[in-house]
Amino acid sequence: RALAELARLVVKLSDILKANFMRSEDARTPEMLERSVGPAYADAFDFEAMSQILKMGSTNLALTETRCERVRAALSVLESQRFFAPARCGKEECNGYHSFAFESCTRATKAFEERLPELIALIRAMAIAELEIENHYRETKHDRFFERFGESTLTPEDLAPFPSYLIRLRNGHHTAAEKARVVEALSSDLPLKVVVQSDDILEDLPLAGGQFAFGVKSQQLSAMAPGLNTAYVLQASAAGLYPLRDRMVDGLAYQGPALFSIFSGAVRKASRSTRNIPGLPPYLRAAAATESRAFPAFTYDPAAGTDLAARFRVIDNPQAGVAWPVHRLDYEDEELQRQAAEVAFTFVDFVASDKRYARHFAQVPRRDWHPDMMLVSEFLALDPGDIGNRVPYVLMVDERNALHRVIVDAKVVEAARRCAAFWRSLQELGGIDNSHAQALLEKEKAAWDEAKERELAALKSAPQPDAAGPTAVATLAAVEAPATAEAPAPAPLEEPEEVPSDEASIETPRCTTCHECIEINNKMFAYDENMQAYIAELEAGSFRQLVEAAENCQVCIIHPGKPWNDGEPGLDELVNRAEAFN
């Protein structure tokens, strides 16, 4: 688009100069007239006589020399610009144009500063060209403005058509000074897009105060960037980039700086610091990092609104409303009987998949199992004073596909606590169980209760009428009952009305905000004010989509019912698949 706009301006300015030349006496000389006719008809004209006639009838409509110089100067800048290379050009042809990809934030900001005068000149030339083409340039008004045109005059709209500066950093490959430069760049208004790729978020750092600092470095920048208030921030693992593609586009289109913090899950064989499970696909490792809250996904978009509710988003994480995602585990016990359990996937489970940290885990034979052993997800939920003799463990599978309990040491547990605390802070920023909202709700509830108490006290102390009759007795009983009688026991909750099995429904109160159904069809499914799913418009989708949503639902709360469109293809198969969820 920018190239097309520049080409248009160049053609229009060239036409102005060409038209001005054709009105000048230089265009009416015998030589120019003969050249314009060409050799085929040169003998048919007397160019000397023609020149005399044209000069006699001409009027002086030529542009002033000042305007010609201004147009020529703008045209020269437009034709020599180096910001927009042709769409298809060879390596040598593109050598003269600016590059916008850098491996260092320092180099990128330096390049921007060095190119700034050139950038200002090009924007100035484009503005002058537009005015000249429309014949709206007024020297008394615009000369003074463009004489002062500079860096302070630029607006985000002026910079929007120009390429952003892409800075590619690999976590661990840049110095502390470079990190400080990144923070400085993100706090500016420069069009910088910083991609920080982390390959290893479980860095084997030395002991610090008796605790492992798992994964601290990988999230420093992304956790701090929203506090700058001007930078777009997206953090995600490589496994989550496709679902977040719209957020990626928003960040690239954002006019200010943007940070993309990505965990690749890729293991570089040459590195001793990344000896993870051999053959484990990077996609799975990246997905596990997000699932375990070790590398949660979130976005911060300053352009989305004026408050955190509009700007901050964490619901793209698995089961974003809970501390740890919970999944059903089906297994066979020692008596070959099928068993099922709800198991959370925690930060400890993610660490357990990395051989470097095997020394922090120990397998416990079945004969040594005891009642004080507790799943690590339940252990992490305990208050420190309630831990007692309890021992946390995770479930792991050996090479024979046998299930084992593996206990974990205090250092990894402490790292998991820090991970959970960081995730909890992200939940609050994203509006999930926000403690400020809960505190305000409790305050308002207490105020409401107090107001009711005062109303009851006022009714009790009010003078009673003298007339003794059924009405007076009833009034007195109604006033005294709250003060003298004990609070009645709460009425038992009514069972929810059973929805017929042939009607589609969702058990909304059980929704864990996993986002699966919304991804399938955000017209058919929607979230209520509690971020829990319900069927918004059944006929906005197909029965197939409803069945697929039921199959993808992690807590099996979607009931497809019966088809409502008899003409939908493949209904027999879909009805059979739906039976398991109705």
Side-chain angles (χ1 to χ4, degrees), residues 239-240 242-243 283-284 287-288 290-292 315-346 349 375 377 395 397 401-403 493-528 530-582:
Y242 183 75
Y283 178 90
L284 288 181
T290 299
E291 185 90 7
S292 66
I315 63 171
D316 299 297
N317 290 275
Q319 301 179 33
V322 296
W324 313 105
V326 178
H327 302 281
R328 178 187 173 94
L329 174 65
D330 293 302
Y331 63 98
E332 199 175 76
D333 63 16
E334 63 274 10
E335 297 177 356
L336 305 183
Q337 298 300 307
R338 178 169 180 162
Q339 301 292 337
E342 296 291 323
V343 180
F345 190 79
T346 70
D349 295 272
L375 279 170
S377 57
L395 295 174
V397 178
N401 212 28
L403 194 63
L493 293 175
E494 295 183 4
E495 291 294 328
E497 184 179 348
E498 186 174 346
V499 179
S501 61
D502 59 347
E503 293 184 13
S505 64
I506 294 182
E507 299 176 56
T508 299
R510 293 181 55 205
C511 176
T512 58
T513 320
C514 69
H515 211 50
E516 295 284 354
C517 60
I518 303 294
E519 288 289 345
I520 291 176
N521 188 329
N522 60 7
K523 301 295 185 184
M524 175 184 284
F525 304 100
Y527 283 137
D528 62 13
N530 297 320
M531 288 303 294
Q532 293 180 303
Y534 68 96
I535 297 178
E537 186 177 352
L538 185 62
E539 296 183 0
S542 63
F543 187 65
R544 178 176 295 277
Q545 288 178 319
L546 190 58
V547 173
E548 290 175 351
E551 293 172 337
N552 289 342
C553 179
Q554 299 177 1
V555 287
C556 299
I557 62 171
I558 299 178
H559 310 295
K562 300 296 183 184
W564 59 91
N565 179 9
D566 294 336
E568 183 174 336
L571 282 183
D572 291 341
E573 177 205 355
L574 293 173
V575 169
N576 290 333
R577 288 164 57 183
E579 285 183 0
F581 304 97
N582 286 331

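A donor-acceptor pair is defined here as one N or O able to donate and one able to accept, closer than 3.5 Å; no such pair exists between the side chain of T513 and the backbone of G321. A donor-acceptor pair under 3.5 Å is absent between the side-chain atoms of H559 and the main chain of A504, judged by distance alone.
In plain terms, the two heavy atoms of N552 and I520 that are nearest each other are ND2-CD1, 3.5 Å. Counting all heavy atoms, side chain and backbone alike, A540 lies closest to K523 at CB-CB, 3.7 Å. Across all their heavy atoms, Y527 and C511 have their closest contact at CE2-SG, 4.5 Å. Minimum heavy-atom separation, C517 to A533: SG-CB, 3.9 Å. Contact between I315 and M531 at its shortest, heavy atoms only, is CG2-CE, 3.4 Å. Contact detail for N530 and D528: the closest heavy-atom pair is N-OD1, 2.9 Å.
The side-chain contact (heavy atoms from CB on, under 4.5 Å) search around E335 returns D333, Q337, not counting sequence neighbours. Here A536 pairs with A526, Y534 under the side-chain contact (heavy atoms from CB on, under 4.5 Å) rule; sequence neighbours left out. Residues forming a side chain to side chain donor-acceptor pair (under 3.5 Å) with T290 (at least two apart in sequence, or on another chain): S237. Contacts of T346 classified as side-chain contact (heavy atoms from CB on, under 4.5 Å), with partners at least two apart in sequence or in another chain: W324, A344, V348, D349, V376, S377. Partners of N317 by side chain to side chain donor-acceptor pair (under 3.5 Å), not counting sequence neighbours: none found. Taking the side-chain contact (heavy atoms from CB on, under 4.5 Å) definition, one finds that A341 meets it with Y331, V343, sequence neighbours left out. Every residue two or more places apart in sequence or in another chain that forms a side chain to side chain donor-acceptor pair (under 3.5 Å) with R328 is listed here: D330. In this structure, the side chain to side chain donor-acceptor pair (under 3.5 Å) partners of Q554, at least two apart in sequence or on a different chain, are Q319.
Separation of atoms CG (L395) and CG (L375) is listed at 5.5 Å; rounding is to 0.5 Å. The structure places CD1 of I506 at 4.5 Å from CD1 of I558, a figure rounded to the nearest 0.5 Å. Atoms CD and CG, on E539 and N565 in that order, are 8.5 Å from each other to the nearest 0.5 Å. To the nearest 0.5 angstrom, I535 atom CD1 is 6.0 Å from S505 atom OG.
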Show me the donor-acceptor pairs, under 3.5 Å and distance only, between side chains in residues 543-550 and residues at least two apart or in other chains.
{"unit_1": "Q545", "atom_1": "OE1", "unit_2": "N521", "atom_2": "ND2", "d": "2.9"}
{"unit_1": "Q545", "atom_1": "OE1", "unit_2": "S542", "atom_2": "N", "d": "3.2"}

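Applying the salt bridge (Lys or Arg N to Asp or Glu O under 4.0 Å) test to pairs two or more places apart or on separate chains, those with a residue in residues 572-582 are E551-R577, E573-R577. Contacts classified as salt bridge (Lys or Arg N to Asp or Glu O under 4.0 Å) and involving residues 506-522 (residues at least two apart or in different chains) are given here: E507-R510.
Looking at heavy atoms from C-beta onward, P243 lies out of side-chain contact with D316 at the 4.5 angstrom threshold.
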